[in-house]
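A short worksheet on the structure shown next.
The analysis underlying the following values was restricted to heavy atoms, covering all of them including side chains, and did not include hydrogens, waters or symmetry mates. What you see is a predicted model, and the numbers here were worked out from it, not measured in a lab.
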Amino acid sequence: MKLKNILIAIGVSAFGALSTISCDDMLTVDTGDKSYVNANDTLYSYLGIVKGLQGVAERQVILNEVRGDLTSFTEYVTDTLHAIANFEDPKDGSCSMLNISDYYAIINNCNLYIANADTNKVKSNIKFMLPEYAQVQAIRAWTYLQLVNFYGEVPFISEPITNLDVISNFDYAANQVNKDNLIDKFVELGLPKFVDTAYPDYKQYRNGATNISSRMLFIPVRLVLADMYLLRGADKSDYVNAAKYYYDFLRATNSTVTPQYCSATEVMSEYAYSSRNWGSYGSTYAYSANNDVISIIPSSANKQFGTMLTRVADIFGYTPTSSQVTEATTDDEGTESSESSGAITVSRNYKAQIVPSNEYQSLNKAQMYVSWNPTTLVQTYYEEAGDARFNFSTEEITYEGEPYLLASKAARGINFYYSVPIYRKSLVWLRLAEAINRAGYPEFAFAILKDGLNADNLPEPNQERQVPVPVVDEEGNPTFDEEGNPVYVTDEEGKVVYETETYTRYKANGAMNYVDDEELSTFFLDFKDDMWIENFGIHARGCGYGSWQRNSETSAPTTNITGDNDTEYYNWKPILASKGVDAETASKDDIINAIEDVICDELALELAFEGYRFCDLVRMANHKNASGYNGTQWLAAKVADRNARKASEDGTIEAIERDAELYSKLQNTSLWYFTKPAWDVK
């Protein structure tokens, strides 16, 4: 179906759906003391929009992961997934995961809501519809962001399609959005004014198996705006704006990387990890400062309670089974009633279509774990332990004597997790690191990964040290002797002359002096407040935080996860060296490019199989291309090498040839995006 015909169909069907929707087909939400009794209150149409999100939730995960470098396919993969994973450009509509119309149906429902909602309506002296209205704006913006990520450039329609005249009069050529103008469109539409609008107060979402705080159904406006600026990355101002919005969100929500996050994967004994499950979304539904999950798209326990999101689990090697229980109860007055509940359990089917790639396994194996024993005061390094998050992202099983490795973020053992994530706090921190790095502050970005930004880990400006005065030539360049040693000025007694130099000292990560006093006052680099005192590095979530002590004055951690000298594993110089960059001689641009690669690795370690990967790679590749580095080859190599290395049991790396055909194919950047159906101009 041509795109114009798709939009016409959406307009007619969506307009009818909003007028006839029934409570039985909706999410079940406790709205507190609010009373929604007619269509003008718009609760049902708002929750209809959320239901539309459920329709695209799992393809967000699948389309991102199967095209990335962290997964590979097996002999059980379907023809459709095989075509997608190999970038064969399948046509829109060729499968349920490639229907652009589903995204436009969400957008049209948002447009209908925005056009008809009366945000001036007052109840108990409160404009009660404004919170919902702001969330609909956020959902529309987020949906367009996904379309641009997947399709590159798409038609931008901001008015509801309720009749054929809207489509007939639509100027297709003049109304396209892509990564370069998407943020401008939504700034023009006024999205930034909703950043501080409170969420609707719906109490709990009931899916038949558990109660989930309805706050998790909402998308923070700040994060959508930040993502749009980061996606464009046209210049430093875009990265600064992205960093501001990410920082604002983290500060407003008191979101730190706490020791509880890090100790969830703490080594309890050699090569034995604790059973505390940081990756189980089922344990993180309670909205609190310590909760890592920000926004989700929820699943239901069975069809009676709503949409079941089971496709990801099935493709990753788990067969879901739903159940229902009805219990009869009698109250004190003898009135009988019944209440139903349900659950989804999974069994391993040993026919996973998508599994963790050799590249993902190798990346995890290459990480070093550090453990600190507070009793013996001994810090131990486990070079062969790898990243502990691997143990919570994957599940190793044996079938007919053969080992299998499953991606277990959506299901594990017999457990099914009732959500698809949109945002997690660790994701926000990593995107803040990405934005700060590209804005010109690579040492701050690396600190987010290594030790966490807090008062004791910030650079100290205006430090003084004595340095020898070099002998310079006529052009002012330092001179060297025959053996290559620098030559210094000496006094009458032959002693080297020293002068005072002012510099910025970096306590933890030994970074280079790129930050001046004025830049340190930049508010999105301000981590001196007490709220950041126990802010740890993201890398500690998988590799431990080692021997940390507290500053007697600030009570802040003063040591880092793997020691504080340049010879330790996860430190400034060795981590740059692992990316082929000499920290002493490299240009700032080379440093930024290398730190971006480090952040890319951390995104893989922290967020594997959650539905971000390929779009992350495309975004970073575009940033590299814009800054003079070959991002196209970089992305092509990462994806083509997804099975090019395999970590063996003895820790050695077995070389396997790169997929040369795929590497060559991905030089064509148009294949990074799905092809839209044609627009019918007749």
Taking [Y]'s backbone N and O only, do any of them form a donor-acceptor pair with [X]'s side chain (distance below 3.5 Å, no angle check)?
X      : Y      : value
His623 : Leu230 : yes
Trp429 : Ser255 : yes
Lys588 : Gly440 : yes
Asn241 : Ser237 : yes
Asn391 : Ala388 : yes
Asn64  : Cys615 : yes
Lys409 : Ala608 : yes
Tyr247 : Asp526 : yes
Thr479 : Asp473 : no

List the atom of [X], the atom of [Y], and the distance in Å for their closest heavy-atom pair.
X      : Y      : result
Leu427 : Ile422 : CD2-O, 3.8 Å
Asn454 : Asp451 : ND2-O, 4.4 Å
Leu617 : Cys600 : CD2-SG, 3.8 Å
Ile297 : Trp142 : CD1-CH2, 4.4 Å
Asn535 : Leu453 : ND2-O, 3.0 Å
Phe480 : Pro478 : CE1-O, 3.6 Å

Passing candidate, ring-ring contact (aromatic ring centres under 6.0 Å, His included) with Phe614, options Trp672, Phe87, Tyr673: Phe87
What's the spacing between [X] [atom1] and [Y] [atom2] if we round to 0.5 Å?
X      : Y      : atom1 : atom2 : answer
Phe186 : Arg140 : CZ    : CZ    : 5.5 Å
Leu635 : Leu666 : CG    : CG    : 6.0 Å
Ile533 : Thr256 : CD1   : OG1   : 10.5 Å
Ile538 : Leu605 : CD1   : CG    : 11.5 Å
Leu191 : Ile183 : CG    : CD1   : 7.5 Å
Leu449 : Phe536 : CG    : CZ    : 15.0 Å

- prompt: Please walk me through it: do Ile436 and Ile448 pass side chain to side chain contact (heavy atoms under 4.5 Å, CB included)?
  reply: CA-CA 10 Å; Ile436 285 179; Ile448 288 174; 4.2 Å; yes
Side chains of [X] and [Y]: does their closest heavy-atom pair fall under 4.5 Å?
X      : Y      : value
Thr500 : Gln466 : yes
Asn149 : Leu145 : yes
Arg67  : Val639 : no
Asp387 : Tyr369 : no
Arg251 : Asp529 : yes
Tyr360 : Phe390 : yes
Val598 : Lys579 : yes
Asn622 : Lys179 : yes

task: Return yes if a side-chain donor-acceptor contact under 3.5 Å exists between Ser587 and Asp589, otherwise no.
output: no
query: Just checking, any donor-acceptor pair under 3.5 angstrom between side chains of Tyr151 and Asn178?
result: no
message: Salt bridge check, Glu602 against Arg389: does any charged N sit closer than 4.0 Å to a carboxylate O?
response: yes
message: I'd like to know if Arg222 pairs up with Asp196 as an ion pair, taking the criterion as any Lys NZ or Arg NE/NH1/NH2 lying under 4.0 Å from an Asp or Glu carboxylate oxygen.
response: yes
- prompt: For the side chain to side chain contact (heavy atoms under 4.5 Å, CB included) test, which of Ile139, Ile294, Thr143 pairs with Ile219?
  reply: Ile139
Check against side chain to side chain contact (heavy atoms under 4.5 Å, CB included), Arg424 and Leu607: CA-CA 9 Å; Arg424 289 205 281 121; Leu607 299 165; 3.2 Å; yes
- prompt: Do the rings of Tyr245 and Tyr229 sit parallel, tilted or perpendicular, given the 30° and 60° boundaries?
  reply: parallel
- prompt: Going by the salt bridge (charged side-chain N to carboxylate O under 4.0 Å, His left out) test, which pairs reach into residues 181-194, not counting sequence neighbours?
  reply: Asp184-Arg232
query: With Asp616, which residues qualify under salt bridge (charged side-chain N to carboxylate O under 4.0 Å, His left out), at least two apart?
result: Arg431, Arg619
field: Asp238 and Asp235: CA distance, side-chain angles, deciding distance, side chain to side chain contact (heavy atoms under 4.5 Å, CB included) verdict
entry: CA-CA 6 Å; Asp238 277 345; Asp235 50 34; 4.0 Å; yes
field: Listed once per pair and sorted, the side-chain hydrogen bond (donor to acceptor under 3.5 Å, both in side chains) pairs that draw on residues 626-636, sequence neighbours left out
entry: Arg438-Ser627, Asp590-Tyr629, Asp597-Trp634, Asn625-Thr632
Arg658 NZ/CZ over Tyr663 ring centroid, <6.0 Å and within 45° of normal: yes
message: Between Tyr612 and Tyr423 (judged by ring centroids, cut-off 6.0 Å), do the two rings come close enough to count as a pair?
response: no
- prompt: Are Phe527 and Phe444 close enough that their ring centres sit under 6.0 Å apart?
  reply: no
message: Using side chain to side chain contact (heavy atoms under 4.5 Å, CB included), reason through Leu70 and Phe609 one step at a time and then give a plain yes or no.
response: CA-CA 8 Å; Leu70 307 182; Phe609 321 131; 4.3 Å; yes
